[in-house]
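These notes are about the structure you will find just below.
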There are 2 protein chains.
Amino acid sequence: MPMNPEIRTPAKAASDGLPAPCPMVSFVKLVSGKWAIPILYRLIIIGGAVRFSELQRAVAPITQKELTRQLRLFEQRGLVSRRIYAEVPPRVEYSITELGLSLRPTLDSLAGWMRENGMKLAAQDHHD
Amino acid sequence: MPMNPEIRTPAKAASDGLPAPCPMVSFVKLVSGKWAIPILYRLIIIGGAVRFSELQRAVAPITQKELTRQLRLFEQRGLVSRRIYAEVPPRVEYSITELGLSLRPTLDSLAGWMRENGMKLAAQDHHD
DNA sequence: CAGAATCCCAAATGATACTG
DNA sequence: CAGTATCATTTGGGATTCTG
């Protein structure tokens, strides 16, 4: 039998030194944030390289700051790669990495649950 | 081939009236929040009814306010049920619903990706 | 063009005290 | 026990301006 996916709360994990957070929590942290999924998924769909401004239009109306910040985070985590061309005007292209691409089935599975069960969820959101 | 899971940015979705957000975004919103997964998953593991204070100890160090708020949200969405006993001292028990339970495979899948690929992720978090 | 730097506001969360 | 109420702090994110 599959071992129990031990849950680890952000709690200090008192006795041992390491935080060793719950994988699910880590995952959610990875893809939370208002624009994380839209950016990531757009890059996954595109597959190849996209320029910064193209991407910004694609996931509009994101601000430049947020797009930059989120791309940097993904880059740090190895989900997205960044290619700078020494040209003028400057040109920077982003693309999904293999690691990033490996997220697709999982993301599709999330979406799958939502499509199957989303309508059963009451009080979705009352954003205004 | 499977049809493309159309992405819907929070953008106005100009032409049609409805927001019809991307399912993945909806999903993430559902389980984001610092304590959402710890609470939900603990309830899933327990399976049966738990008292408020037990649950609080289980997902410590959550504050009372946060636990209450998150439980209310889950209850509104039909993922968790709340049972009040007219006793003194008061007793309230929470348990996962069938709908909530149906999340388990998906959550396990998230955790699965994380376990398989988590170590490949650089710069996890530098929370301090 | 692709950003960095600032300023600002709203939402999320924590701490603490109080109550039926 | 199981909350509610209030206050304070932190974080997320948008708007705007500046620059190589």
Would Ser81(B) and Ser95(B) count as a side-chain hydrogen bond (donor to acceptor under 3.5 Å, both in side chains) here? Give the steps. CA-CA 5 Å; Ser81(B) 74; Ser95(B) 50; 3.2 Å; yes

Using the side-chain contact (heavy atoms from CB on, under 4.5 Å) rule, take Phe52(B) and Gln64(B) through it: C-alpha gap first, then chi angles, then the decisive distance, then the call. CA-CA 9 Å; Phe52(B) 183 87; Gln64(B) 230 181 27; 3.7 Å; yes

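Residue Arg51(A) has a polar side-chain atom (N or O) positioned under 4.0 Å from OP1 or OP2 of dA2(C). Residue Ser53(A) places at least one side-chain N or O under 4.0 Å from the OP1 or OP2 atom of dA2(C). For dG14(C), one of the phosphate oxygens OP1 or OP2 lies less than 4.0 angstrom from a side-chain nitrogen or oxygen of Lys34(B). Between Arg69(B) and dT13(C), a side-chain N or O to OP1/OP2 separation shorter than 4.0 Å is present. Of the side-chain N and O atoms in Arg72(B), one or more sit less than 4.0 angstrom from OP1 or OP2 of dG3(D). When the side-chain nitrogen and oxygen atoms of Tyr94(B) are compared with OP1 and OP2 of dG3(D), one or more of them lie within a distance under 4.0 Å.
In this structure, Phe27(A) and Trp113(B) have perpendicular ring planes: the angle between them is above 60°, well past the 30° mark.
Counting distance only, with no hydrogens placed and no angle test, the side-chain atoms of Lys65(B) and the base atoms of dG14(C) include a donor-acceptor pair under 3.5 Å. One donor-acceptor pair, N or O on each side, does fall under 3.5 Å between the base of dG3(D) and the side chain of Gln64(B). One cannot find a donor-acceptor pair under 3.5 Å joining the base of dA2(C) and the side-chain atoms of Gln56(A).
Here the P atom of nucleotide dG13(D) and the CH2 atom of Trp35(A) are 10 Å apart, to the nearest Å. What separates CD of Glu66(B) from P of dT9(D) is a distance of 18 Å, to the nearest Å. Between the CD atom of Glu87(A) and the P atom of dG3(C) there is a distance of 14 Å, given to the nearest Å. Atom CD1 in Ile37(A) sits about 17 Å away from atom C1' in dG12(D), given to the nearest Å. Atom CG of Leu67(B) is separated from atom P of dG14(C) by 11 Å (rounded to the nearest Å). Rounded to whole Å, atom C1' of dG20(C) lies 18 Å from atom CZ of Arg91(B).
The minimum heavy-atom distance linking Arg77(B) with Ala122(A) is given by the pair CG-O, 3.3 Å.
The closest side-chain donor-acceptor pair between Tyr94(A) and Arg51(A), if any, does not fall under 3.5 angstrom.
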